[in-house]
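What you see is a predicted model, and the numbers here were worked out from it, not measured in a lab.
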Amino acid sequence: MVAIASIHDRLRNPDAGVRRIAVIDLPYSDEEDDVAPLLVEALADADASVRLEAAKALEGFEEPEVLDALVPLLKDPDAAVRDAVAYTLAELKDAASATPILPYLLDDDPGVRAAALHAVRALRVDAAFEPALQSLAHPDAAVRRAAVGVLGYLKKPQALGALTEIAAHDADPEVRRIAVGALSYAGDSAEVSVLPALGRALADPVWQVREEAATTYAKTNSLLGVPNLVRAMDDEYWQVRVKAARSLGKLKARDGVLALIEALLHPVSNLRKEAVIALGEIGDSRAIAPLERAMHDPDPDVRKLSKLALTSMQMPKQGA
């Protein structure tokens with residue numbers, strides 16, 4: 001523990017380096033009640049390095065007075081301080097903590113707006129919905145990415161149309177990828193609006209977008225996307241094939257069995273492992289002989305998973 005009297009003295013030192021170390025020591029002081037108030041005071045320090053450490057140390061504090069001091073630093077002249085504040089705010093857990101952040105959701109500064117949207121994302125507050133929807137058209141890709149994140153957390157059906165458009169047409173591939181992932185909350189409406197969007201995403205020129213689409217199919221719980229997943233098992237990137245195999249297994253898609261059996265011969269062992277797992281989940285008897293051959297695979301994990309898959313498939317017969 002560090003004596004609080006020593007920290008008090010150092011926080012008043014004219015040397016910014018001394019004050020910065022005092023801030024770093026504050027969470028380890030012997031007076032817990034003094035920590036948050038002194039960190040709040042340090043947020044007003046003239047030196048950016050002191051403000052930076054104070055912003056970082058305030059992670060986990062959600063008292064109103066802390067947020068009232070912290071949130072305006074989203075506009076701090078120092079970029080590192082702004083980033084630290086954004087990171088700390090993104091760790092908030094209480095939805096009530098979003099209140100002082102809401103005025104920044106449509107800030108003219110794209111960095112401030114993106115940070116504010118990112119901060120309220122996990123808090124799932126309805127008041128963030130309209131600003132996030134409006135921010136989908138912002139020229140800055142970082143803002144659009146943060147806006148998609150907010151809408152994905154809020155899971156409102158009225159955002160699905162806008163998200164499908166973003167997933168298909170946004171100029172930034174990372175925005176498209178995040179939008180494709182956000183579509184996973186569609187639920188019963190997936191077959192109407194989301195599955196066509198996922199089909200288009202599987203043809204995206206960027207493989208990470210295709211990979212996300214292959215993952216999202218399983219979360220829709222719809223078998224209508226299985227033909228597209230089977231085609232994705234021929235994707236030029238094995239990473240996309242891995243996600244397609246995983247989704248075929250989770251959907252227990254018997255129409256994907258032949259493509260999965262073929263994947264057992266792929267040179268990438270990660271794909272062979274995923275195919276084995278999927279075949280075990282589907283439980284189709286056509287996979288028994290190929291899985292028995294996979295028990296001689298050069299990769300020990302493939303051999304072990306093949307044994308587990310065969311055991312799970314044969315278990316009902318043993319119990320009969």
Side-chain angles (χ1 to χ4, degrees), residues 86 90 105-106 110-111 113-122 124 128-187 189-222 224-248 250-251 271 274:
L105 296 182
L106 291 175
R113 186 190 288 213
L117 286 166
H118 185 69
V120 301
R121 182 184 64 174
R124 295 185 172 91
F129 179 74
E130 286 299 334
L133 201 60
Q134 186 175 333
S135 295
L136 291 179
H138 197 280
D140 190 288
V143 173
R144 300 198 302 279
R145 288 195 291 269
V148 169
V150 170
L151 296 174
Y153 269 83
L154 286 174
K155 304 182 187 301
K156 290 185 179 292
Q158 50 271 48
L160 285 174
L163 287 173
T164 56
E165 285 298 309
I166 290 290
H169 302 299
D170 196 279
D172 183 86
E174 182 62 7
V175 176
R176 296 200 302 276
R177 189 192 69 76
I178 298 173
V180 167
L183 293 173
S184 63
Y185 73 79
S189 59
E191 294 179 2
V192 176
S193 58
V194 171
L195 289 183
L198 294 181
R200 289 192 295 271
L202 270 184
D204 195 282
V206 177
W207 71 265
Q208 289 91 344
V209 179
R210 302 198 300 276
E211 180 188 41
E212 192 70 38
T215 300
T216 305
Y217 266 113
K219 298 174 183 175
T220 67
N221 295 318
S222 172
L224 291 179
V226 169
N228 285 338
L229 287 171
V230 171
R231 282 192 288 275
M233 290 297 294
D234 288 326
D235 195 281
E236 62 179 313
Y237 280 80
W238 64 265
Q239 293 91 338
V240 179
R241 297 189 192 197
V242 163
K243 300 301 183 185
R246 186 171 299 173
S247 287
L248 287 169
K250 289 183 181 301
L251 292 170
L271 178 54
E274 207 62 53

Are the side chains of [Y] and [X] in contact, using a 4.5 Å heavy-atom criterion?
| X | Y | value |
| --- | --- | --- |
| L105 | V150 | no |
| K156 | F129 | yes |
| L106 | R113 | yes |
| R176 | R200 | no |
| V180 | D204 | no |
| P173 | Q208 | no |
| M233 | L248 | yes |
| L229 | L251 | yes |

Contact summary for [X] and [Y], nearest pair of heavy atoms:
| X | Y | result |
| --- | --- | --- |
| A146 | A114 | CB-O, 3.6 Å |
| N228 | G199 | ND2-CA, 3.7 Å |
| A214 | V240 | CB-O, 4.1 Å |
| L117 | A147 | CD1-N, 4.0 Å |
| Y185 | A159 | OH-CB, 3.7 Å |
| R241 | D235 | NE-O, 2.6 Å |

| request: With side chain to side chain contact (heavy atoms under 4.5 Å, CB included) as the test, would you mind laying out the steps for Q239 and W207 before giving the verdict? | output: CA-CA 8 Å; Q239 293 91 338; W207 71 265; 3.5 Å; yes
Rounded at 0.5 Å granularity, tell me how far [atom1] in [X] sits from [atom2] in [Y].
| X | Y | atom1 | atom2 | answer |
| --- | --- | --- | --- | --- |
| L183 | L195 | CG | CG | 10.0 Å |
| E211 | T216 | CD | OG1 | 10.0 Å |
| K155 | L160 | NZ | CG | 11.0 Å |
| E274 | W238 | CD | CH2 | 10.0 Å |

| message | What verdict does the side chain to side chain contact (heavy atoms under 4.5 Å, CB included) test give for L198 and T220, after you've listed the backbone C-alpha separation in whole Å, the side-chain angles of each residue and the deciding distance to 0.1 Å? | response | CA-CA 10 Å; L198 294 181; T220 67; 4.0 Å; yes
Indicate yes or no for a side-chain donor-acceptor contact from [X] to the backbone of [Y] under 3.5 Å, with no hydrogens or angles considered.
| X | Y | value |
| --- | --- | --- |
| R144 | P139 | yes |
| Y217 | S222 | no |
| S184 | G181 | yes |

| said: Taking the basic N atoms (NZ, or NE/NH1/NH2) and the acidic carboxylate oxygens, is any pair closer than 4.0 Å for D172 and R145? | reply: yes
